[in-house]
Amino acid sequence: MSSSNLTGFVLAVISSAFIGSSFIIKKKGLQLARVNGPSASVGGYGYLLQPLWWVGMVTMIVGEIANFVAYIYAPAVLVTPLGALSIIVSAVLAHFLLKEKLLKMGMLGCLICILGSTIIVLHAPQEMSLSSVQQIWKLAIQPAFLMYTASAIAITLFLVLYCAPRYGQTNILVYIGICSIIGSLTVMSVKAIGIAIKLTLEGANQIFYFQTWIFTMVAITCIIVQLNYLNMALDNFNTAVVSPIYYALFTAFTILASAIMFKDYSGQSIGSVVSELCGFVTILSGTILLHSTREPDPQDNIDLCTPLSPSVSWYIGNNESRKHKEEDVSPFNLIAIIRQDHFK
């Protein structure tokens with residue numbers, strides 16, 4: 001492994017540790033806030049007065065910064081799949097700190113994720129040496145990547161304008177598809193911005209190039225769209241289902257976009273490419289296994305302000321789950337609930 005790849009790997013692992021920990025810390029802060037006032041799920045903002053919640057926010061910011069820097073030193077095909085490590089961190093910490101039971105199959109899922117990450121790290125391609133943002137711009141306007149970008153935008157518009165109004169609340173692939181496709185463009189833009197910042201700090205000022213600002217505007221736009229539809233997916237479907245599907249699609253599209261734009265696999269043997277794909281499938285299998293064996297939070301512990309992360313959130317907000325709950329209510333209890341609501 002080259003020194004730049006090693007640096008990116010270390011930063012990606014640090015990022016996963018901080019991000020995974022931040023969800024647990026913030027959730028502890030939410031629990032403390034619930035003791036002294038209304039919970040966030042009913043509109044309470046007491047968590048803003050909890051120092052522990054702010055510690056979690058700072059921890060998350062540090063993790064995101066480390067992830068941002070990791071993209072500067074290592075290819076996206078190495079950094080993006082390693083994001084699954086945050087799932088392991090959050091699951092293990094939730095087991096000890098939040099008493100959320102991690103079953104034996106969940107532990108096996110963690111080990112599988114670690115195995116897949118190791119395979120990816122050992123066979124990761126070398127990062128392309130870039131000396132200016134203009135060089136990155138040439139990579140972005142090459143015919144192959146322009147074709148990918150045009151296809152991504154066309155598919156996204158189709159999903160947003162046609163599929164989302166009709167099937168968004170019933171088909172989980174609509175919202176997640178939008179997030180994943182746009183997310184791949186986000187990563188490419190963020191990587192370009194990170195390299196521009198690195199070159200500027202080294203003395204080669206990239207701020208005055210218009211390409212830097214185009215990448216910045218694209219990144220901001222994509223992040224807003226991505227977060228919006230990710231929240232919509234989490235609002236309509238259980239996180240245990242959203243997380244592995246989103247991870248798989250987002251990582252796959254990011255690897256594809258990076259391979260086209262930065263030619264990550266140029267010069268690699270077929271064996272290395274196959275090993276990378278096997279590592280990705282291994283991580284995906286571990287992620288699915290881990291999420292499928294985790295127990296959801298009790299209903300009274302759900303907070304709408306719990307971080308919308310596929311790593312640790314269990315958001316039970318779909319109509320189907322509520323429908324099943326209502327069907328399980330006996331007629332006498334239902335009458336009591338109706339009377340209670342009527343005289344409030």
Around atom CG of Leu161, are there more than 12 heavy atoms of other residues, nucleotides or ligands at under 6.0 Å?
yes
Looking only at heavy atoms, which two atoms of Pro81 and Ile120 are closest? And how far apart?
CB-CD1, 3.4 Å
Show the numbers, then the answer: is there a side chain to side chain contact (heavy atoms under 4.5 Å, CB included) between Phe23 and Leu93?
CA-CA 10 Å; Phe23 297 134; Leu93 291 180; over 6 Å; no
Are the side chains of Leu173 and Ile245 in touch, meaning some heavy atoms are under 4.5 Å apart?
yes
Any donor-acceptor pair under 3.5 Å from Ser258 side chain to Thr254 backbone
no
Donor-acceptor pair, side chain of Ser15 and main chain of Leu11, under 3.5 angstrom:
no
Val121 side chain reached by Leu82 side chain, heavy atoms, under 4.5 Å:
yes
Using 30° and 60° as the class boundaries, would you call the ring planes of Trp137 and Phe215 parallel, tilted or perpendicular?
perpendicular
Taking all atoms of both residues into account, what is the closest heavy-atom pair of Ile182 and Val225, and its distance?
CG1-CG1, 4.2 Å
same_hphob_cluster(Val190, Tyr209) at 4.5 Å side-chain heavy-atom cutoff:
yes
Would you check if Val10 and Ile14 make a side-chain contact, meaning some heavy-atom pair closer than 4.5 Å?
yes
Please check: side-chain N/O of Gln206 versus main-chain N/O of Val133, any donor-acceptor pairing under 3.5 Å?
yes
Taking all non-hydrogen atoms of both residues into account, name the closest pair between Gln226 and Phe250 and its distance.
NE2-CE1, 3.9 Å
Residues 142-159, side-chain donor-acceptor partners within the protein, below 3.5 Å, at least two apart:
| unit_1 | atom_1 | unit_2 | atom_2 | d |
| --- | --- | --- | --- | --- |
| Gln142 | OE1 | Lys263 | NZ | 2.5 |
| Gln142 | NE2 | Leu139 | O | 2.7 |
| Gln142 | NE2 | Ile260 | O | 3.3 |
| Gln142 | NE2 | Met261 | O | 2.9 |
| Tyr148 | OH | Ser184 | OG | 2.8 |
| Tyr148 | OH | Phe253 | O | 3.4 |
| Thr149 | OG1 | Phe145 | O | 2.9 |
| Ser151 | OG | Met147 | O | 2.8 |
| Thr156 | OG1 | Ala152 | O | 2.7 |

Does one hydrophobic cluster hold both Ile220 and Phe210, with members joined at side-chain heavy-atom distances below 4.5 Å?
no
Can any side-chain N or O of His95 pair as donor or acceptor with the backbone N or O of Leu102 at less than 3.5 Å?
yes
Nearest heavy-atom pair of Gln169 and Asn236: which atoms, and what distance?
CG-OD1, 3.5 Å
Can you list everything that forms a side chain to side chain contact (heavy atoms under 4.5 Å, CB included) with Thr221? Sequence neighbours excluded, please.
none
Heavy-atom side-chain contact between Ser275 and Leu122 under 4.5 Å:
no
Is any side-chain heavy atom of Pro125 closer than 4.5 Å to a side-chain heavy atom of Glu276?
yes
Please check this pair: side chain of Ser16 against backbone of Val89, looking for a donor-acceptor N/O pair closer than 3.5 Å.
no
Once rounded to the nearest 0.5 Å, what's the spacing between atom OG1 of Thr216 and atom CD of Gln211?
11.5 Å
Under 3.5 Å, which donor-acceptor pairs link side chains of residues 55-79 to any protein atom two or more places apart or in another chain?
| unit_1 | atom_1 | unit_2 | atom_2 | d |
| --- | --- | --- | --- | --- |
| Thr59 | OG1 | Val55 | O | 2.7 |
| Tyr71 | OH | Thr80 | OG1 | 2.9 |

Distance (rounded to the nearest 0.5 Å) between Phe262 CZ and Leu130 CG:
6.5 Å
Linking I/L/V/M/F/W/Y whenever any side-chain heavy atoms sit under 4.5 Å apart, do Leu277 and Leu115 land together?
no
Hey, could you give me the CD1/OG1 distance between Ile87 and Thr287, rounded to the nearest 0.5 Å?
4.0 Å
What's the spacing between Trp54 CH2 and Ile25 CD1 if we round to 0.5 Å?
14.5 Å
Same cluster for Leu249 and Val187 if Ile/Leu/Val/Met/Phe/Trp/Tyr side chains link at under 4.5 Å?
yes
Ignoring hydrogens, what is the shortest heavy-atom contact between Ser117 and Leu85? Give both atom names and the distance.
OG-CD2, 3.6 Å
Could you check whether the rings of Phe280 and Tyr247 sit parallel, tilted or perpendicular, using 30° and 60° as the cut-offs?
tilted
Could you tell me the separation between the CD1 atom of Ile88 and the CE atom of Met107, rounded to the nearest 0.5 Å?
12.5 Å
Count I, L, V, M, F, W, Y as connected when their side-chain heavy atoms are under 4.5 Å apart, and connections chain through other members. Are Ile112 and Met105 then in the same cluster?
yes
With no hydrogens and no angle check, is any side-chain donor or acceptor of Ser180 less than 3.5 Å from a backbone partner on Gly177?
no
For the atom pair CD1 (Ile24) and CG (Leu52), what is the distance rounded to the nearest 0.5 Å?
11.5 Å
Return the minimal non-hydrogen interatomic distance between Lys28 and Leu97, and the atom names on each side.
NZ-O, 3.8 Å
